[in-house]
J.: 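What follows is a single structure, and I will ask about it in a moment.
Because only heavy atoms are used, hydrogens play no part in the values below, and waters and symmetry mates are left out as well, while side chains stay in.
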Amino acid sequence: MIQLHDKQFSPFISAKEIDFAIVKMVAQIKADFSNETPVFIGVLNGAFMVVTDLLKKYTAPCEVSFVKLASYEGTSSSEVVNELIGINQDLTGRSVIVIEDIVDTGNTLVALKALFESKNVKNFKIATLFFKPESYKKDIPIDYIGIRIPNKFIVGYGLDYDGLGRNLPEVYQLKD
């Protein structure tokens, strides 16, 4: 059990399970992009740990960049997605794989899809370590999914509760 601000969280997903999920995602991405050099785009702040561990295991040529979008307030997702840091490289004709820490409502993906369609990319793929199918209401396909989870608020491995918990090597869920 851990305490972050005013809330308690219990252990949920181990570091070993996370590592296994990332290895699986890397194998799928390598199979799909063996003949090209994809551009991985990490979504900050949450995906920094996923990006780091995924790229350590992705041994083929690739590039990496980051975007920063904001849609969370406390423990709930807002309907508004703000672009805080954008992409400033030419991605015309490139294959882009967006790396998310978690996909729940899908609001951030709608903003990302529009952003990358405007950049004339060849392929737009989405990889997420955690996916909440019960919360997802969009029609954008999620191409690479590490772990499907119930609609619970989680922290750790890049995910936070009001700034705390990102540094935890495993994932905790909000205690009922």
J.: Okay, side chain of E134, backbone of Y136: is any donor-acceptor separation there less than 3.5 Å?
T.: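 Pair absent, no side-chain N/O of E134 close to backbone of Y136.
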J.: Tell me, do L129 and I99 make a side-chain contact under 4.5 Å, heavy atoms counted?
T.: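 They are not in side-chain contact.
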J.: Is the closest basic N to carboxylate O distance between K16 and D19 below 4.0 Å?
T.: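 Not counted as a salt bridge, because no side-chain N and carboxylate O are separated by less than 4.0 Å.
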J.: Suppose we screen for side chain to side chain contact (heavy atoms under 4.5 Å, CB included). Which residues come up paired with S118, at least two apart in sequence or across chains?
T.: none
J.: Do you know the tightest heavy-atom contact between T128 and F130?
T.: OG1-O, 2.8 Å
J.: Show the numbers, then the answer: is there a side chain to side chain contact (heavy atoms under 4.5 Å, CB included) between C62 and L55?
T.: CA-CA 9 Å; C62 64; L55 287 176; 3.7 Å; yes
J.: Less than 4.5 Å apart, side chain to side chain, heavy atoms only: is that true for K119 and D90?
T.: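 No, side chains not in contact.
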J.: As an exercise, state the distance from CD1 of I22 to NZ of K57, rounded to the nearest 0.5 Å.
T.: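 The CD1 atom of I22 sits 6.5 Å away from the NZ atom of K57.
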J.: Any non-hydrogen side-chain atom of L112 less than 4.5 Å from a side-chain atom of V67?
T.: yes
J.: Do S135 and N151 pair up side chain to side chain, a donor and an acceptor below 3.5 Å, judged on atom types alone?
T.: yes
J.: If hydrophobic clusters are built by linking Ile, Leu, Val, Met, Phe, Trp and Tyr wherever their side-chain heavy atoms come under 4.5 Å apart, do V110 and I145 end up in the same one?
T.: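 Shared cluster, yes.
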J.: About how many Å separate CE of M49 and CG of N167, when rounded to the nearest 0.5 Å?
T.: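 Going from CG on N167 over to CE on M49, the span is 7.5 Å.
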J.: What ring-ring contact (aromatic ring centres under 6.0 Å, His included) pairs are there with at least one residue in residues 18-48, not counting sequence neighbours?
T.: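 Listed by first then second residue: F40-Y58.
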J.: Could you go through Q173 and F9, starting from their C-alpha distance and side-chain angles, then the distance that decides it, and tell me whether this counts as side chain to side chain contact (heavy atoms under 4.5 Å, CB included)?
T.: CA-CA 5 Å; Q173 68 181 352; F9 296 84; 5.7 Å; no
J.: Going by atom types only, do N107 and K137 share a side-chain donor-acceptor pair under 3.5 Å?
T.: no
J.: Identify the heavy atoms of V51 and V64 that sit nearest to each other, and give their distance.
T.: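 Taking every non-hydrogen atom into account, CG1-CG2, 3.9 Å.
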J.: How close do I147 and A21 get, heavy atom to heavy atom, and via which atoms?
T.: CG1-CB, 3.6 Å
J.: To the nearest 0.5 Å, what is the distance between CZ on R166 and CG on L4?
T.: 12.0 Å
J.: How long is the straight-line distance from CZ of F131 back to CD1 of I142, given to the nearest 0.5 Å?
T.: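 Output value for this atom pair is 5.5 Å.
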J.: Which heavy atom of G158 sits nearest a heavy atom of D101, and at what distance?
T.: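 Looks like O-OD2, 4.4 Å.
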J.: Taking NZ in K175 as the centre, count heavy atoms belonging to other residues, nucleotides or ligands within less than 6.0 Å. Is the count above 12?
T.: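 Counting neighbours around NZ of K175, 12 or fewer heavy atoms of other residues, nucleotides or ligands fall under 6.0 Å, so no.
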J.: Please check if any side-chain donor atom of D32 sits under 3.5 Å from a side-chain acceptor atom of Y144, or the reverse.
T.: yes
J.: Side chains of E100 and I102: closer than 4.5 Å at any heavy-atom pair?
T.: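 Contact flag for E100/I102 side chains = no.
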J.: Does the side chain of F66 reach to within under 4.5 Å of the side chain of I41, using non-hydrogen atoms?
T.: no
J.: Counting C-beta onward and ignoring hydrogens, is there a side-chain heavy-atom pair between D53 and K56 closer than 4.5 Å?
T.: yes
J.: Within a strict 4.5 Å, meaning less than it, do heavy atoms of the E36 and K122 side chains meet?
T.: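 Side-chain contact under 4.5 Å: yes.
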J.: What is the distance from atom OG of S65 to atom CG of L91, rounded to the nearest 0.5 Å?
T.: 7.5 Å
J.: Evaluate K138 against T105 for side chain to side chain donor-acceptor pair (under 3.5 Å), listing each step before the verdict.
T.: CA-CA 7 Å; K138 307 299 182 199; T105 64; over 6 Å; no
J.: How about K125 and V96: do any of their side-chain heavy atoms sit closer than 4.5 Å?
T.: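 Side-chain contact under 4.5 Å: no.
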J.: Over all heavy atoms of both residues, which pair between K132 and K152 is shortest? Give the atoms and the distance, please.
T.: NZ-O, 2.8 Å
J.: For residues S14 and E170, is any side-chain donor paired with an opposing acceptor at under 3.5 Å?
T.: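 S14 vs E170: no donor-acceptor pair found between side chains.
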J.: Begin with the C-alpha distance, continue with both residues' side-chain angles, and end with the deciding distance and a verdict on side chain to side chain contact (heavy atoms under 4.5 Å, CB included) for F12 and I149.
T.: CA-CA 10 Å; F12 183 50; I149 62 170; 3.9 Å; yes
J.: Tell me, with the steps shown, if E63 and R94 meet side chain to side chain contact (heavy atoms under 4.5 Å, CB included).
T.: CA-CA 11 Å; E63 294 177 26; R94 302 290 307 273; 3.2 Å; yes
J.: Do you know which two heavy atoms are closest between I140 and I126, and how far apart they sit?
T.: CG2-CD1, 3.5 Å
J.: Can you tell me how far apart CG (L109) and CZ (F116) are? Round to the nearest 0.5 Å.
T.: 11.0 Å
J.: Determine whether more than 12 heavy atoms belonging to other residues, nucleotides or ligands lie under 6.0 Å from atom CG of D6.
T.: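 Yes, because the 6.0 Å sphere around CG of D6 holds more than 12 heavy atoms from other groups.
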